[in-house]
**Student:** 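One structure is given below, represented as structure tokens, and several questions about it will come after.
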Amino acid sequence: MSGRSFLQIPGPTNIPDRVLRAMDRPVIDHRSPEFAQLTEDARVGLRKVFGTAEGSPMLYPASGTGATEAAFVNVFRPGDRVLSYNYGLFSGGMGNIARKFGYEVDEVPLRWGQAVAAEDVERRLKSDTSTNPYRAVLICHNETSTGVTVDLEAIHGAMAASGHEALFVVDTVSSLASIPFRMDEWGVDVVICGSQKGLMLPPGLGILGVSRRALEVAAKGGGSPRHFWDWEPILRENRWGLFPYTPATLMLFGLREALRMLVDEEGLENVYARHRRLADAVRAAVRGWGLSAVCEDPACASNTITAVRTPEGVDSNVFLKHARERYELSLGGGIGQLSGHAFRIGHLGSLNELEVLGTLGGIELAFNDLGIEVDMGSGLLAAQRAFSQTGAPQRQPEPALAAD
Ligand code: PLP
């Protein structure tokens, strides 16, 4: 098919040409001064994205799942208790991973579509009188399977009000660099992320942000047996711009370029505002179609992903297959208990208004082809109105690829 295909899954996301060009180069010596500078630039940029003055970024040739494992094995001892919530595949996944390492997981089941209530966190921490108190609260900031965002500021407030010393461990795989996140302000001890969503890179980097408190826990024997994931050698080697393993050399060139675009050029607040504007239009389209979002409370609706329930009797997997085969439009499927009942629109990363309209137009065509009773144009019009009401942001001229 001519033209480009539409990748609107909730990550991996589309990669800007500039980032692709930055990675299209010969591999360099990862023990050279040039590479040391690259490491430093990536660490400085990541700190800004995390919103931390002195937190330590950790980069692994891995994915978000690897980063989760890295977070856990550095700060939890087998037998440690953690508080977690299950409100989708990835929040539930945090508990599953923790159980595999022999940590004791107190998991609170919620409906898929709900968010974590700060009062519940406060109540559970206040009533934690165990001789083995919670080592951490595990929260997935943006539940990719349902399109629900948790209010981390409120959870931080609840944790502080409880007086409990639990660490705050947060999965930001589908929120970082797209939805406001402030590591220092919200007292987050370990930030878990991957390269392939808001950071506009290919899959392949597992990324952590680690607070001083978490580093101390790890250094004082707080973790589990570990080698590859161990923070101590990474910190030691990073001081010289090196890694204790072979780093993903070319990905780091891409990361530096993406950080320039997000932090130095567009600016993080504008990046967040753009995601909000695109998400508002997608939500308007869903309402225009007369369909409902999986997210129960509109105040918790994600600015990166919208999970949409398909009408009664419509198998979302059939719809997804048709959209992909007929229009080269890839959308996310309903996962876990939502398989067959929902589809997900990814609206994060390198994305603009017209790409969102193209995606919504493709969805309407696919609905129509399959005889799904949704008025053609109803979502598109609602989204166009939403865009025209919010107005357009000032576009930055794209600078030439920096010489590095
Ligand atoms: N956490 C969240 C919120 C995710 O969305 C994902 C993947 O989509 C993961 C964790 C797992 O990350 P990865 O697939 O990079 O291992």
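Whatever order the structure lists ligands and atoms in, that order sets their numbers, starting from 1. Residue numbers count from 1 along this sequence.
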**Student:** Residues in salt bridge (Lys or Arg N to Asp or Glu O under 4.0 Å) with E269, at least two apart?
**Tutor:** R182
**Student:** G194: heavy atom below 4.0 Å from ligand 1, yes or no?
**Tutor:** no
**Student:** Ignoring hydrogens and geometry, is there a side-chain-to-backbone donor-acceptor pair from N74 to W231 under 3.5 Å?
**Tutor:** yes
**Student:** Is E266 paired with R260 through a side-chain N to carboxylate O contact shorter than 4.0 Å?
**Tutor:** no
**Student:** Going by the salt bridge (Lys or Arg N to Asp or Glu O under 4.0 Å) test, which pairs reach into residues 208-227, not counting sequence neighbours?
**Tutor:** E54-R212, D189-R213, R226-D230
**Student:** Taking distance alone, with no angle check, do S63 and ligand 1 share an N/O pair under 3.5 Å?
**Tutor:** yes
**Student:** Any idea which part of E143 is under 4.0 Å from ligand 1, heavy-atom wise: side chain, backbone, both or neither?
**Tutor:** neither
**Student:** Answer yes or no on whether R81 is positioned over the face of Y103, meaning its NZ or CZ is under 6.0 Å from the six-membered ring centre and within 45° of the axis.
**Tutor:** no
**Student:** Answer with side chain, backbone, both or neither: which part of V173 has a heavy atom less than 4.0 angstrom from an atom of ligand 1?
**Tutor:** side chain
**Student:** Under 4.0 angstrom from ligand 1, any heavy atom of M94?
**Tutor:** no
**Student:** Tell me whether the NZ or CZ atom of R135 lies within the 45° cone about the ring axis of F76 and under 6.0 Å from its centre.
**Tutor:** no
**Student:** Test your reading of the structure: does S174 have an N or O sitting under 3.5 Å from an N or O of ligand 1?
**Tutor:** no
**Student:** Please work out whether any backbone atom (N, CA, C, O) or any side-chain heavy atom from C-beta onward of I192 is under 4.0 Å from ligand 1, and answer side chain, backbone, both or neither.
**Tutor:** neither
**Student:** Does a side-chain N-to-carboxylate-O contact under 4.0 Å join D120 and R124?
**Tutor:** yes
**Student:** Pick, from G64, C193, G332, the option with the minimum heavy-atom distance to atom 12 (O) of ligand 1.
**Tutor:** G64
**Student:** Can R123 and E119 be counted as an ion pair, charged N to O under 4.0 angstrom?
**Tutor:** no
**Student:** Report the part of P203 (side chain from C-beta onward, or backbone N, CA, C, O) that has a heavy atom under 4.0 Å from ligand 1; answer both or neither where that applies.
**Tutor:** neither
**Student:** Going by the atom numbers of ligand 1, which of them fall below 4.0 Å from some non-hydrogen atom of N142?
**Tutor:** 3 (C)
**Student:** So is G11 in contact with ligand 1, going by heavy-atom distances below 4.0 Å?
**Tutor:** no
**Student:** Please write down residue, atom name and distance for the protein heavy atom closest to atom 3 (C) of ligand 1.
**Tutor:** T144 OG1, 3.1 Å
**Student:** What protein heavy atom is closest to atom 14 (O) of ligand 1, reported as residue, atom name and distance in Å?
**Tutor:** Q196 NE2, 4.0 Å
**Student:** Compute whether any side-chain donor of one residue and acceptor of the other, for N142 and S174, lie under 3.5 angstrom apart.
**Tutor:** yes
**Student:** For the 3.5 Å polar cut-off, considering only N or O atoms, please tell me whether G66 and ligand 1 meet it.
**Tutor:** no
